Student: 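Pasting in a structure now, in structure tokens, and then I'll have a few things to ask.
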Amino acid sequence: MEKKYRVSYTESEKILTTICEVYDIDNSDIMLKFVAAVLGVLVLIMMFIYGNPGGGTTSGIVMFLIKYIASFIAIFIAAMIFNRKIWRGAVKASALAGGQENFAERMKKRKNPLKVKMDFYDDHFTNITPNKQKEYPYELVTKLLETEDGFGIKYKTDASQTFVPNGMMGFPKNTLEDADFDEFKNFLLERCPNVKKIKKL
């Protein structure tokens with residue numbers, strides 16, 4: 001089977017920082033949404049247990065819930081804006097440190113930087129290093145992520161299990177060989193049945 005696209009790079013601090021940034025920003029978004037949702041539910045439960053929302057009447061409770069939901073949505077949106085405009089800088093700084101640390105750790109284990117290739121076919125993609133090659137069917141892909149400079153593919157690490165941690169492969173956009181990146185993204189969207197759109201980070 002002929003490959004359609006190839007990503008090829010040699011690991012460096014800069015490349016690992018780009019990959020860490022994709023991973024860290026996505027995790028930051030997920031964690032913030034989770035914390036906001038849990039706190040919102042806890043506050044609502046506590047108000048019903050220890051307060052008297054809406055004066056105890058049916059109409060009062062309905063109005064209270066409407067106002068609460070509207071307030072929660074406004075706070076949630078504000079949290080997302082905070083995450084993108086302010087917190088994102090801290091996450092990028094963490095990614096820079098992570099890239100440097102990961103590269104230093106990897107170089108302790110090998111003499112030369114690792115060469116990585118990813119080949120994309122019609123029904124699967126492969127991750128290729130000098131000592132290992134592994135295939136991943138597109139059905140395993142759960143999420144496609146994009147930053148200004150990087151791209152990430154999240155996938156199920158165990159196809160037979162529903163609730164398992166996702167793995168992730170990332171790479172800088174400029175490591176895609178001889179192809180238009182928008183065409184490449186459309187190629188992936190057409191072949192990943194569990195992904196409806198690419199998450200912009």
Side-chain angles (χ1 to χ4, degrees), residues 1-31 33 91-92 95-96 98-201:
M1 186 181 295
E2 183 182 357
K3 69 177 182 296
K4 302 297 183 181
Y5 296 94
R6 167 169 281 181
V7 167
S8 179
Y9 63 86
T10 301
E11 284 186 346
S12 66
E13 283 188 7
K14 184 176 180 180
I15 284 176
L16 291 179
T17 295
T18 300
I19 296 171
C20 284
E21 188 173 300
V22 175
Y23 181 82
D24 290 350
I25 291 176
D26 182 54
N27 276 359
S28 174
D29 283 353
I30 294 170
M31 182 58 66
K33 290 175 182 177
V91 174
K92 288 185 176 182
L96 176 59
Q100 294 170 341
E101 182 179 342
N102 286 340
F103 185 70
E105 286 296 321
R106 290 171 190 239
M107 291 306 296
K108 288 179 182 178
K109 300 175 183 178
R110 57 178 70 98
K111 294 181 180 180
N112 298 307
L114 186 70
K115 295 182 182 296
V116 180
K117 291 180 182 178
M118 294 176 68
D119 287 340
F120 295 83
Y121 300 86
D122 274 324
D123 60 352
H124 72 279
F125 66 96
T126 61
N127 183 262
I128 307 164
T129 61
N131 300 319
K132 185 178 180 182
Q133 176 172 326
K134 187 171 182 180
E135 292 187 1
Y136 300 85
Y138 292 116
E139 288 77 10
L140 289 181
V141 177
T142 59
K143 190 184 291 186
L144 297 173
L145 309 167
E146 182 180 10
T147 62
E148 183 178 353
D149 300 316
F151 197 80
I153 301 173
K154 279 198 167 183
Y155 59 92
K156 286 184 178 180
T157 55
D158 187 340
S160 65
Q161 300 294 322
T162 302
F163 300 104
V164 294
N166 280 340
M168 192 198 88
M169 293 181 199
F171 52 88
K173 292 180 182 179
N174 61 10
T175 60
L176 179 69
E177 294 185 351
D178 303 323
D180 179 79
F181 205 84
D182 286 333
E183 290 180 3
F184 171 68
K185 291 191 295 184
N186 290 331
F187 171 85
L188 288 180
L189 283 173
E190 290 172 359
R191 284 157 178 78
C192 298
N194 300 313
V195 180
K196 303 302 180 185
K197 65 179 182 178
I198 295 171
K199 181 179 178 181
K200 303 278 188 176
L201 300 171

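All values reported here derive from a predicted model rather than from experimental measurement.
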Student: Where is the tightest heavy-atom contact between Cys20 and Asn102, given as atom of each residue plus distance?
Tutor: SG-ND2, 3.4 Å
Student: Could you state the interatomic distance from CD (Glu139) to SG (Cys192), rounded to the nearest 0.5 Å?
Tutor: 8.5 Å
Student: Is there a side-chain contact between Ile128 and Asp119 (heavy atoms, below 4.5 Å)?
Tutor: yes
Student: Atom CG of Asn127 and atom CE of Met118: how far apart are they, to the nearest 0.5 Å?
Tutor: 5.5 Å
Student: Between Phe125 and Met169, is a side chain to side chain contact (heavy atoms under 4.5 Å, CB included) present by the stated rule, with each step listed?
Tutor: CA-CA 11 Å; Phe125 66 96; Met169 293 181 199; 3.8 Å; yes
Student: Verify side chain to side chain contact (heavy atoms under 4.5 Å, CB included) between Thr142 and Lys156, making sure each step is shown before the conclusion.
Tutor: CA-CA 7 Å; Thr142 59; Lys156 286 184 178 180; 3.8 Å; yes
Student: Please lay out, stage by stage, how Phe103 and Lys14 fare under the test side chain to side chain contact (heavy atoms under 4.5 Å, CB included).
Tutor: CA-CA 9 Å; Phe103 185 70; Lys14 184 176 180 180; over 6 Å; no
Student: Think Lys173 forms a cation-pi with Phe181, using NZ or CZ under 6.0 Å from the six-ring centre and within 45 degrees of its axis?
Tutor: yes
Student: At their closest point, which heavy atom of Arg191 faces which heavy atom of Asp122, and how far apart are they?
Tutor: NH2-OD1, 3.0 Å
Student: Closest heavy-atom contact between Thr18 and Pro172?
Tutor: CG2-CA, 4.1 Å
Student: May I ask you to decide if the ring planes of Phe171 and Phe151 are parallel, tilted or perpendicular, using 30° and 60° as cut-offs?
Tutor: tilted
Student: Identify the two heavy atoms, one from Leu114 and one from Pro130, that lie closest to each other, and give their separation to 0.1 Å.
Tutor: CD1-CD, 3.7 Å
Student: Before accepting this row, confirm whether a basic side-chain N of the pair Arg106/Glu11 lies closer than 4.0 Å to the acidic partner's carboxylate O.
Tutor: yes
Student: Looking at CG of Leu188 and OH of Tyr5, how far apart are the two atoms once the value is rounded to the nearest 0.5 Å?
Tutor: 8.5 Å
Student: Could you label the plane-to-plane angle of the Phe184 and Phe120 rings as parallel, tilted or perpendicular, counting under 30° as parallel and over 60° as perpendicular?
Tutor: perpendicular
Student: Would you indicate whether the side-chain heavy atoms of Thr126 and Lys134 approach each other to under 4.5 Å?
Tutor: no
Student: Evaluate side chain to side chain contact (heavy atoms under 4.5 Å, CB included) for Lys199 paired with Glu146, printing each intermediate quantity in order.
Tutor: CA-CA 6 Å; Lys199 181 179 178 181; Glu146 182 180 10; over 6 Å; no
Student: Do you know which two heavy atoms are closest between Met168 and Ile19, and how far apart they sit?
Tutor: CE-O, 3.9 Å
Student: May I ask you to say whether Asp26 pairs ionically with Lys154, meaning some side-chain N is under 4.0 Å from a carboxylate O?
Tutor: yes
Student: Side-chain contact, heavy-atom cut-off 4.5 Å: Leu144 with Ile153?
Tutor: yes
Student: Could you give the distance from CD (Glu21) to CG (Leu201), rounded to the nearest 0.5 Å?
Tutor: 9.0 Å
Student: Please examine the side chains of Thr129 and Lys132, heavy atoms only from C-beta on, and report whether any two atoms are closer than 4.5 Å.
Tutor: yes
Student: Should we count OH of Tyr23 as having more than 12 external heavy atoms under 6.0 Å?
Tutor: no
Student: Please round to the nearest 0.5 Å and tell me the distance separating atom CD of Glu135 and atom OH of Tyr121.
Tutor: 8.0 Å
Student: What are the two closest heavy atoms between Pro113 and Thr10, and how far apart are they?
Tutor: CB-CG2, 3.6 Å
Student: Counting only N and O atoms by type, is there a donor-acceptor contact under 3.5 Å from the side chain of Tyr138 to the main-chain atoms of His124?
Tutor: yes
Student: Using 0.5 Å steps for rounding, measure from the CG atom of Asp180 to the NZ atom of Lys185.
Tutor: 9.0 Å
